[in-house]
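As structure tokens, the structure follows; a few thoughts come after it.
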Amino acid sequence: MSKNKRGESDEGPDHIIQRFHDPEWKRERFLAYLRGKFPREGLVVIRTSDGTFAIQIRPIMESRAGERVPEIGSILMHIFLSGQPLDNQMGDLEERYRDKLRKEGPRVAKVDFYRQVITSIWPHAKTFAVRFSQSLRKMGLLILIEEWIRRRV
Amino acid sequence: LVVRRLKMKNSDSYLGEFEELVLLTILKLGRSAYGASILKELENATDRNISVGALYATFDRLERKGFVKSWQEKGTAERGGRTKRYFKVEGTGLQALAEGERVRRRLVPVLDATLATREAR
């Protein structure tokens with residue numbers, strides 16, 4: 001575990017890095033120092049069970065603007081998947097998208113993301129289409145449409 | 001219906017090629033085996049494009065067969081805070097892998113013999 005010159009430990013994201021009884025102005029000054037040190041992380045002041053304060057570094061859960069996954073792909077995933085499977089798969093796709101974005105550029109990342117989305121939702125879309133056509137057939141609508149087309153042609 | 005049920009019963013212990021690859025990758029990754037890392041490792045090892053959807057369908061099938069165990073862990077900023085599904089190979093999964101390997105070892109000499117005959121020609 002590394003220690004800085006103030007003697008605090010900085011263990012990285014999601015860890016309590018400072019526990020102190022200092023007055024508020026000192027805490028604020030220290031927070032400003034940390035914000036400079038960890039510009040991409042979220043800093044949270046929490047009150048611990050023993051009455052002292054602690055600062056926690058948490059990863060920012062919001063995606064950074066330039067690295068946000070393509071919206072249409074994300075919407076498609078939300079249409080065909082839900083709950084935990086959606087959360088797991090979208091998380092993996094986001095991670096993969098950012099990795100590709102850094103290593104191979106935005107174009108490759110985008111193409112790969114859409115390819116993944118389409119191959120992921122394809123079985124669900126197929127099932128949906130089959131069920132939809134079956135229900136239409138049950139209602140007799142297809143037969144009516146067929147009859148109508150036959151008369152026209 | 002009886003034939004279908006028998007087929008299903010057989011398929012419960014049967015390990016497909018892709019399922020075997022997924023199990024081996026989970027074994028290789030150990031404690032860091034979750035969706036994205038498994039996908040990356042599999043693509044590197046097999047040199048082919050694998051879809052996340054197909055991979056998750058395989059995970060579900062393997063879990064239904066009792067070959068793997070999965071659990072959720074909180075996400076990181078890298079994945080927009082979304083949860084990670086981690087995997088671990090169970091004892092039955094290891095047995096199935098070992099059985100597959102045993103069958104292969106029994107049959108590989110046939111391939112070796114065939115190749116040797118062809119080369120001799």
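Sequence lines set the chain letters: A, B, ... in the order given, protein chains first and strands last, and positions in each chain run from 1. Scope of the values below: all heavy atoms of this structure, side chains included, with no hydrogens, waters or symmetry mates.
A continuous path of Ile, Leu, Val, Met, Phe, Trp and Tyr side chains, each step under 4.5 Å between heavy atoms, connects B:Val52 with B:Val68, placing both in one hydrophobic cluster. Side-chain heavy atoms closer than 4.5 Å link hydrophobic residues (I, L, V, M, F, W, Y) into clusters, and following such links, even through other members, never connects B:Val108 to B:Val110. Hydrophobic clustering places A:Ile79 together with A:Leu86 (ILVMFWY residues linked when any side-chain heavy atoms are closer than 4.5 Å, directly or through intermediates). Placement of B:Trp71 and B:Tyr34 within a single hydrophobic cluster is found when ILVMFWY residues are connected by side-chain heavy-atom separations under 4.5 Å, directly or transitively. Cluster annotation: B:Leu24 and B:Val89 are assigned to the same hydrophobic cluster (Ile/Leu/Val/Met/Phe/Trp/Tyr, side-chain heavy-atom contacts under 4.5 Å, transitive).
Annotation: side chain of B:Arg79 is not in contact with side chain of A:Leu93 (no heavy-atom distance under 4.5 Å). Counting heavy atoms from C-beta on, the side chains of B:Arg85 and A:Gln84 never come closer than 4.5 Å.
Expressed to the nearest 0.5 Å, how far CZ of B:Phe59 lies from CG of A:Asn88 amounts to 10.0 Å.
Side-chain contact of B:Tyr56 with A:Asp92: a donor-acceptor pair under 3.5 Å is present, judged by distance alone.
Checked for salt-bridge contact, B:Glu43 and A:Arg96 meet the test: a charged N lies under 4.0 Å from a carboxylate O.
Of residues 114-126 of chain A, those residues with a non-hydrogen atom less than 4.5 Å from any non-hydrogen atom of chain B are, in numerical order, A:Arg115, A:Gln116, A:Thr119, A:Ser120.
Few gaps surround CG on B:Leu115; more than 12 heavy atoms of other groups in view lie less than 6.0 Å from it. In A:Glu71, the CD atom is not crowded: 12 or fewer heavy atoms of neighbouring residues, nucleotides or ligands sit closer than 6.0 Å. More than 12 heavy-atom neighbours from other residues, nucleotides or ligands sit within 6.0 angstrom of CG on B:Asn44.
No donor-acceptor pair closer than 3.5 Å links the side chain of A:Asp87 to the backbone N or O of B:Arg82.
Within the 4.5 angstrom heavy-atom criterion, only backbone atoms of B:Ile50 (N, CA, C, O) approach chain A.
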